[in-house]
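For reference, the structure discussed in these notes is given below.
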Amino acid sequence: MANVEIVDEKTLKITVGLEDAVTMVQEAAQNIEEYAHDIVTIFEKMPEFDYTFFCFYAYDSAKLFEKMLSVDPKQYTSFSLEAPDSFFYSLYGGMAGMYGEALKQLH
């Protein structure tokens with residue numbers, strides 16, 4: 001599970017690992033209709049970040065990401081995300097597998 005450290009009343013530090021990407025993929029697979037926007041957006045936009053970074057909030061695609069957290073990052077003015085490349089690669093691969101079905105849900 002993601003480690004969420006409240007640094008102060010305005011700042012969060014979030015640390016995730018490979019297992020968190022697996023959790024996100026599993027959640028998305030069970031609820032493709034609910035997470036269709038996130039799935040499509042992550043799959044389409046992550047290549048722009050060389051697959052090793054992604055800003056969930058830049059594309060309004062944080063619903064799936066927030067599902068694994070114990071707090072709402074939007075309640076803080078700043079947060080950082082530390083994740084190994086394996087997190088991003090696994091997340092992308094999972095979204096790739098659901099992309100076609102998610103795209104159908106959006107149209």
Discussion item. Quick check against the 3.5 Å criterion: does Asp50 have a side-chain atom that pairs as donor or acceptor with the backbone of Thr52?
Written reply: no

Worksheet item: According to the salt bridge (Lys or Arg N to Asp or Glu O under 4.0 Å) rule, which pairs have a member within residues 18-40, sequence neighbours left out?
Response: Glu34-Lys63

According to side-chain hydrogen bond (donor to acceptor under 3.5 Å, both in side chains), who are the partners of [X], at least two apart in sequence or on a separate chain?
{"X": "Thr11", "value": "Asp8"}
{"X": "Glu9", "value": "none"}
{"X": "Tyr57", "value": "Glu66"}
{"X": "Glu44", "value": "Tyr99"}

Any chance you could measure [X], atom [atom1], to [Y], atom [atom2], to the nearest 0.5 Å?
{"X": "Tyr35", "Y": "Ile42", "atom1": "OH", "atom2": "CD1", "result": "11.0 Å"}
{"X": "Ile39", "Y": "Met98", "atom1": "CD1", "atom2": "CE", "result": "4.5 Å"}
{"X": "Leu64", "Y": "Thr23", "atom1": "CG", "atom2": "OG1", "result": "10.0 Å"}
{"X": "Met46", "Y": "Phe56", "atom1": "CE", "atom2": "CZ", "result": "6.0 Å"}
{"X": "Cys55", "Y": "Glu48", "atom1": "SG", "atom2": "CD", "result": "12.0 Å"}

For residues [X] and [Y], determine if any side-chain heavy atom of one lies less than 4.5 Å from a side-chain heavy atom of the other.
{"X": "Leu12", "Y": "Ile6", "result": "yes"}
{"X": "Phe65", "Y": "Ile14", "result": "yes"}
{"X": "Met68", "Y": "Val16", "result": "yes"}

Counterpart residues, ring-ring contact (aromatic ring centres under 6.0 Å, His included), relative to [X] (two or more places apart):
{"X": "Phe53", "value": "Phe49"}
{"X": "Tyr59", "value": "Phe54"}
{"X": "Tyr92", "value": "Phe43, Tyr51"}

Discussion item. List the residues meeting side chain to side chain contact (heavy atoms under 4.5 Å, CB included) with Ser80, not counting sequence neighbours, and say none if there are none.
Written reply: Lys13

Nearest heavy-atom neighbours spanning [X] and [Y]:
{"X": "Phe87", "Y": "Gly17", "value": "CD1-O, 3.3 Å"}
{"X": "Leu18", "Y": "Ser90", "value": "CD1-OG, 2.8 Å"}
{"X": "Tyr76", "Y": "Lys10", "value": "CB-O, 3.4 Å"}

Practice prompt. Decide yes or no on side chain to side chain contact (heavy atoms under 4.5 Å, CB included) for Lys67 and Asn31, but give the supporting numbers first.
Written response: CA-CA 12 Å; Lys67 175 76 175 176; Asn31 300 290; over 6 Å; no

Please table the atom pairs, donor to acceptor, closer than 3.5 Å between any side-chain atom in residues 100-107 and protein atoms at least two apart or in another chain.
unit_1 : atom_1 : unit_2 : atom_2 : d
Glu101 : OE2    : Gln105 : NE2    : 3.2
His107 : ND1    : Leu103 : O      : 2.8

